[in-house]
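One structure is given here, and the rest of the page talks about it.
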Amino acid sequence: MGNELTVAVLGPGGVGGLLAALLSRAGHRVICLSGEETARTLRTDGIRVRSGHFGDFTARVEADTHLREPVDACLVAVKHTALDAALARVPAPTLADGLLVPFLNGVEHPAALRARYRPDRVAPAVIRVESTRVAPGVIEHGSPFAEIDLTGAEVPRPRLDTLAETLTAAGPATRVQDDETAALWAKMSFLAPMALLTTRYGVPLGDVRTRHRDELTALVEETAAISRACGGPGDPAQTLARYDAFPPSMRSSMQRDAEAGRPLELDAIGGALLRAAERHGLPAPVTAGVVGELSAGPGAEISGRG
């Protein structure tokens, strides 16, 4: 990788669109991969970002429906529910030596991606940001921060360092984490209880932490125990303290999907939690109850706990 990278972004939505625009503004070549209609809009209008943190700007990007040439890295920013179909846009022989960097919720996707692409080029990432696609090519970044943890158990460290430096220079503070499992479970432990309960009750975080405090606490404790068993961090008090520090109006992306009638990432979050609990022989009655209730609703699918 030289100073200027060529980066593909699969799924130029809230997260992917923001990263694509920031990288383009920093002077890198960016190729967004999407459906034909979105690609046409991006080619014509670029990506418009509205952000109190990064400023309001428009960035020019290339756009296509499939990856047709090697790139330094391909950032995967689609939802789990669309992952299989989206990966058809990134043929493994074309990606070749490029890094595949999934910004996906959950903990099970790295193994699936390593079965499809070069295992030593799959570099899972975790991003902390609130960013929404309000229209094709129009991104609203609402949080006063954007932070990335980049991992990759088998990826050569210089490749990770180069990408982390590139992302940091473009905007989001990016750290390389040595422990991939810990990084993914840290996100899961924080995300799952909030996503499941804001979606179950259709209310923002503030209402969950006041009106449903006992259920939230129980869910946080179950998730922390599962995380610890899987080799991740597990501090329920710290998770609850973080929730208490957030604005009461905060909502989860799963909740937004439910309100919009989109498919839910229930299997990647709740289903993965239950499968991990079962593998380690841990009880998870509160998680099972919430997941069961949500899976009976529209837009939700859950795989077996096997």
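With respect to Asp244 and Arg213, a salt bridge is recorded, a charged nitrogen being found less than 4.0 Å from a carboxylate O. Checked for salt-bridge contact, Arg275 and Glu108 meet the test: a charged N lies under 4.0 Å from a carboxylate O.
In this structure, Ser131 and Ile139 approach most closely via the heavy-atom pair OG-CG2, 3.2 Å. When all heavy atoms of Val129 and Ala146 are compared, the pair lying nearest together is CG2-CB, 3.9 Å. Of all heavy-atom pairs between Leu160 and Gly152, the closest is CD1-O, 3.9 Å. Contact record, Asn105 with Ser253: ND2-OG, 4.3 Å, taken as the closest heavy-atom pair. Closest of all the heavy-atom pairs between Ala39 and Ala63 is O-CB, 3.4 Å. Of all heavy-atom pairs spanning Ala170 and Leu23, the tightest one is CB-CD2, 4.0 Å.
The distance from atom CE of Met254 to atom OG1 of Thr199, rounded to the nearest 0.5 Å, is 5.0 Å. To the nearest 0.5 Å, atom CG of residue Asn3 and atom CD of residue Glu165 are 10.0 Å apart. Atom OG1 of Thr151 is separated from atom CD of Gln177 by 8.5 Å, given to the nearest 0.5 angstrom. Here Glu221 contributes atom CD and Thr287 contributes atom OG1; the two are 11.0 Å apart, rounded to the nearest 0.5 Å. One distance of note links OG of Ser143 with CG of Leu18; it measures 8.5 Å at 0.5 Å rounding. Taking NE2 of His212 as the start and OG1 of Thr198 as the end, the distance is 10.5 Å to the nearest 0.5 Å.
Within the 3.5 Å criterion, the main-chain N or O of Arg50 finds no donor-acceptor partner in the side chain of Glu140. For the pair Glu147 (side chain) and Arg128 (backbone), a donor-acceptor distance under 3.5 Å is absent. Proximity of a side-chain donor or acceptor of Thr6 to a complementary backbone N or O of Arg29 within less than 3.5 Å is not detected. The backbone N or O of Asp97 lies less than 3.5 Å from a partner atom in the side chain of Arg121, making a donor-acceptor pair. No donor-acceptor pair closer than 3.5 Å links the side chain of Tyr201 to the backbone N or O of Arg211. At distances below 3.5 Å, not a single donor-acceptor pair connects side-chain atoms of Thr38 with backbone N or O atoms of Gly35. The main-chain N or O of Val203 is found under 3.5 Å from a side-chain atom of Gln255 such that the two form a donor-acceptor pair. Under a 3.5 Å cut-off, the side chain of Thr210 and the backbone N or O of Asp207 do form a donor-acceptor pair. No donor-acceptor pair under 3.5 Å is formed between the side chain of Asp64 and the backbone N or O of Cys32. A distance-only check finds no donor-acceptor pair linking the side chain of His141 to the backbone of Phe54 [under 3.5 Å].
Across Ile127, Leu163, Ile148, a single residue satisfies side chain to side chain contact (heavy atoms under 4.5 Å, CB included) together with Thr174, and that is Ile148. Screening Leu240, Val286, Asp235 for a side chain to side chain contact (heavy atoms under 4.5 Å, CB included) involving Val220 leaves a single residue, Leu240.
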Can you check side-chain contact (heavy atoms from CB on, under 4.5 Å) on Glu215 and Leu197, steps first, answer last? CA-CA 8 Å; Glu215 192 174 7; Leu197 288 185; 3.8 Å; yes

Please test Leu264 against Thr81 for side-chain contact (heavy atoms from CB on, under 4.5 Å), starting from the C-alpha separation and ending with a verdict. CA-CA 7 Å; Leu264 305 185; Thr81 49; 6.0 Å; no

CA sep, side-chain torsions, deciding dist, call: His53, Phe145, ring-ring contact (aromatic ring centres under 6.0 Å, His included): CA-CA 7 Å; His53 187 64; Phe145 56 82; 8.1 Å; no

side-chain contact (heavy atoms from CB on, under 4.5 Å) between Arg175 and Leu150: does it pass, once the steps are laid out? CA-CA 6 Å; Arg175 302 176 300 176; Leu150 183 62; over 6 Å; no

Full working for salt bridge (charged side-chain N to carboxylate O under 4.0 Å, His left out) between Arg48 and Asp56: CA-CA 7 Å; Arg48 287 171 284 166; Asp56 297 353; over 6 Å; no

Could you check Asp45 against Arg60 for salt bridge (charged side-chain N to carboxylate O under 4.0 Å, His left out), going step by step and ending with a plain yes or no? CA-CA 8 Å; Asp45 301 334; Arg60 309 302 304 178; over 6 Å; no

Walk me through it: do Ser295 and Leu266 pass the test side-chain contact (heavy atoms from CB on, under 4.5 Å)? CA-CA 7 Å; Ser295 64; Leu266 188 58; 3.8 Å; yes

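In this structure, Asp214 places its CG atom where only 12 or fewer heavy-atom neighbours from other residues, nucleotides or ligands lie under 6.0 Å away.
Residues Val138 and Val9 do not share a hydrophobic cluster, clusters being chains of Ile/Leu/Val/Met/Phe/Trp/Tyr side chains in contact below 4.5 Å. Linking Ile, Leu, Val, Met, Phe, Trp and Tyr whenever their side-chain heavy atoms come within less than 4.5 Å puts Phe246 and Val208 in one cluster.
Looking only at side-chain heavy atoms (C-beta outward), Glu222 and Pro283 stay at 4.5 Å or farther from each other. Considering only heavy atoms from C-beta on, Met250 comes within 4.5 Å of Met194 through its side chain. Side chains of Pro110 and Leu184 form a contact here, defined as non-hydrogen atoms less than 4.5 Å apart. By the 4.5 Å heavy-atom criterion applied to side chains, Leu216 and Pro193 are counted as neighbours. Within the 4.5 Å cutoff, side-chain heavy atoms of Arg114 are placed close to those of Glu154. Looking only at side-chain heavy atoms (C-beta outward), Trp185 and Val107 come within less than 4.5 Å of each other. The side-chain heavy atoms of Thr223 and Leu273, taken from C-beta on, include a pair separated by under 4.5 Å. The shortest distance between side-chain heavy atoms of His280 and Cys230 falls below 4.5 Å.
A search for side-chain contact (heavy atoms from CB on, under 4.5 Å) contacts involving Arg256 returns Glu130, Thr132, Arg251, Arg262, not counting sequence neighbours. Here Asp120 pairs with Arg118 under the salt bridge (charged side-chain N to carboxylate O under 4.0 Å, His left out) rule; sequence neighbours left out. With sequence neighbours excluded, the residues that form a side-chain contact (heavy atoms from CB on, under 4.5 Å) with Glu36 are Arg40, Arg43, Thr65. Considering only residues two or more places apart in sequence or on other chains, Phe57 meets the ring-ring contact (aromatic ring centres under 6.0 Å, His included) condition with none of them. Checked against side-chain hydrogen bond (donor to acceptor under 3.5 Å, both in side chains), Thr217 has no partners two or more places apart in sequence or in another chain.
When hydrophobic side chains of Ile, Leu, Val, Met, Phe, Trp and Tyr are connected at separations under 4.5 Å, Leu33 ends up clustered with Leu10, Ile31, Leu67, Val71, Val76, Val78, Leu83, Leu87, Val90, Leu95, Leu100, Leu104, Leu113, Tyr117, Val122.
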